[in-house]
Every structure is written in C-alpha cells, then in structure tokens.
Asks: 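Attaching a single structure in structure tokens format; questions to follow.
What you are looking at is a predicted structure, and each value in this text was computed from that prediction instead of being measured.
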Amino acid sequence: DQQVKQNSPSLSVQEGRISILNCDYTNSMFDYFLWYKKYPAEGPTFLISISSIKDKNEDGRFTVFLNKSAKHLSLHIVPSQPGDSAVYFCAASVGGNNRLAFGKGNQVVVIP
Amino acid sequence: DAGVIQSPRHEVTEMGQEVTLRCKPISGHNSLFWYRQTMMRGLELLIYFNNNVPIDDSGMPEDRFSAKMPNASFSTLKIQPSEPRDSAVYFCASSIEGLSEKLFFGSGTQLSVL
C-alpha cells in the first residue's frame with residue numbers, strides 16, 4: 001500500500017510560470033519529508049526537504065509547504081525553467097531515519 | 001568522490017537466467033539501499049543494509065531475489081531465476097545513518113528480461 005501518494009502524474013507549464021506539485025501521505029508518524037528530482041538515465045537527486053516542525057522551507061526557486069493536519073505537502077517552483085523538466089519524487093521518513101518511502105513521481109515539462 | 005557506482009547500466013537477459021546487479025556506495029557511507037522503479041509502483045525499497053548487515057528485506061518481492069553486502073564498499077542484488085515482470089530500473093543508494101535523511105543514488109541498472 002502506497003504511504004506516499006502523488007496524483008496528476010504529469011504537468012506542463014510555460015517557462016517563467018509557477019509549477020506546483022502535490023503529495024499526500026497516510027502515515028501520521030512521518031516527520032521528515034523530501035523532494036527528489038530525476039532526469040532520464042540518471043538516479044534521483046535530493047532537491048529540498050522539510051521537517052514536521054516547520055510548515056515552509058524555501059531554497060532559491062524551490063519552496064516546500066507542509067500541512068500536517070491535511071497530511072499534505074507541495075513543491076512550488078517559481079519561476080519554472082526548461083532545466084526543471086524532470087520527474088519529481090516526494091519522499092517521507094519516520095524518526096529521522098533514512099529509510100524513505102517514495103511516491104510514484106510527477107513528470108514536469110517546462111515549455112520554453 | 002565518484003558517487004554511488006552501479007553496474008551494469010543495462011542488462012538484457014532471457015527468462016530463467018540469473019542476473020547480478022552490483023553497487024559500490026560512497027566511501028564512508030554506512031547505509032545502503034536497493035530500490036526498484038516501475039511505472040506502476042514508482043520507487044520501491046527492496047532491502048536496506050546498515051554497517052553491512054541487512055536490516056529490513058521486507059520489500060524483496062520473493063525468494064528469487066537476494067542481496068548481499070560482503071564489505072562496506074560492495075553490494076550485489078541477485079535475481080535467480082529472472083522473469084519478465086522483473087523488468088525495471090534498479091537503483092542503489094547510500095547515506096550516513098543517523099546523520100542525514102538524504103540518500104545519494106546511483107544511475108541505476110535498466111533490466112530487461114525477455
């Protein structure tokens with residue numbers, strides 16, 4: 001059973017606009033959340049993370065929002081750039097360990 | 001550092017054959033993970049080692065799958081016998097237990113079982 005769910009598997013957005021990716025989780029014990037980015041023929045690479053004690057974390061063009069009551073997090077990319085075209089995975093863990101549960105991923109295509 | 005190194009990058013084999021995937025983690029990392037990526041299930045954790053000891057293999061699909069980590073710098077994932085439904089991308093990742101939740105992934109092995 002998927003504990004981390006990413007719906008809307010693909011997203012197309014114009015360059016310069018905002019990309020919003022959503023992620024829902026079912027395990028209330030999750031207390032650390034991460035987003036990974038994956039290009040074709042490469043492994044996923046870490047993008048940004050957030051602890052459950054926060055509701056927002058920002059790193060340059062990337063911001064992650066966490067709504068614990070709704071068990072929902074989102075990744076905002078603004079402005080979107082063609083190099084952001086990739087698959088984005090949401091991941092979560094319990095107790096700060098590095099055994100991550102991943103979602104299925106979202107394909108983002110940024111149109112120049 | 002060269003990062004996590006996986007071999008081979010691509011493997012095409014026939015049903016029933018044995019397949020061995022290899023992984024060299026980042027030096028100094030004490031946790032190693034094997035993940036499988038499919039369209040249907042995304043990234044699934046197969047097995048997790050800490051200090052070369054298998055901690056959780058509950059994600060291993062069945063007895064045809066086995067994994068070893070004979071030392072801190074090498075791990076294998078073996079499928080014997082292989083079946084077409086094993087076709088997927090297999091990723092190895094490493095990290096430092098207790099220090100970071102970030103995993104560092106290799107480039108993966110694309111396995112096709114005909």
Side-chain angles (χ1 to χ4, degrees), chain A residues 1-10 21-27 29-54 57 59 64 66 73 86-107, chain B residues 1-10 21 23-26 28-51 53-59 88-111:
Chain A
D1 187 30
Q2 288 263 307
Q3 298 186 76
V4 177
K5 299 180 182 180
Q6 294 178 255
N7 296 320
S8 306
S10 65
L21 302 174
N22 293 302
C23 178
D24 296 292
Y25 59 96
T26 58
N27 187 344
M29 298 297 290
F30 285 146
D31 58 4
Y32 199 80
F33 305 89
L34 308 89
W35 286 92
Y36 280 75
K37 178 179 179 179
K38 183 185 178 306
Y39 292 120
E42 295 184 12
T45 56
F46 170 77
L47 183 60
I48 192 170
S49 63
I50 188 168
S51 164
S52 61
I53 62 174
K54 294 186 173 182
N57 188 28
D59 183 0
V64 56
L66 175 62
L73 63 155
V87 175
Y88 291 80
F89 289 96
C90 176
S93 71
V94 176
N97 71 63
N98 45 17
R99 185 169 175 253
L100 303 180
F102 283 86
K104 291 185 181 181
N106 289 129
Q107 174 73 60
Chain B
D1 198 312
V4 176
I5 300 173
Q6 290 187 247
S7 63
R9 287 299 306 271
H10 303 274
L21 311 181
C23 176
K24 176 179 168 54
I26 294 173
H29 283 193
N30 61 354
S31 295
L32 183 139
F33 305 80
W34 283 100
Y35 280 87
R36 178 172 68 175
Q37 184 191 10
T38 61
M39 289 292 291
M40 289 297 293
R41 302 180 66 86
L43 274 168
E44 301 175 89
L45 177 62
L46 300 178
I47 187 169
Y48 154 48
F49 292 86
N50 194 39
N51 294 320
V53 176
I55 302 300
D56 184 354
D57 65 354
S58 60
V89 182
Y90 291 80
F91 288 103
C92 176
S94 70
S95 70
I96 301 175
E97 173 78 15
L99 185 64
S100 171
E101 294 82 0
K102 284 193 295 184
L103 302 186
F104 294 82
F105 283 82
S107 297
T109 295
Q110 173 76 62
L111 174 65

Asks: Once you round to the nearest 0.5 Å, how far does OH of B/Tyr35 lie from CZ of A/Phe89?
Replies: 11.0 Å
Asks: Any sub-3.5 Å donor-acceptor pair from A/Tyr36's side-chain atoms to B/Leu103's backbone N or O?
Replies: yes
Asks: Is it the backbone or the side chain of B/Leu45 that comes under 4.5 Å from a heavy atom of chain A, or both, or neither?
Replies: side chain
Asks: Hey, what do you get for CG (B/Asn50) to CZ (A/Arg99), rounding to the nearest 0.5 Å?
Replies: 12.5 Å
Asks: Need one label for A/Leu34: side chain, backbone, both or neither, based on atoms under 4.5 Å from any heavy atom in chain B.
Replies: side chain
Asks: Can you tell me which portion of B/Gln6 sits under 4.5 Å from chain A's heavy atoms? Options are side chain, backbone, both or neither.
Replies: neither
Asks: Could you grab the distance from atom CD of B/Glu44 to atom CZ of A/Phe102, nearest 0.5 Å is fine?
Replies: 12.5 Å
Asks: When rounded to the nearest 0.5 angstrom, what is the spacing between NZ in B/Lys102 and OH in A/Tyr32?
Replies: 8.0 Å
Asks: Is a side-chain N or O of A/Lys104 found less than 3.5 angstrom from the main chain of B/Met40, in a donor-acceptor match?
Replies: yes
Asks: How about residues 39-48 of chain A versus chain B: which residues have heavy atoms under 4.5 Å apart?
Replies: A/Ala41, A/Glu42, A/Gly43, A/Pro44, A/Phe46
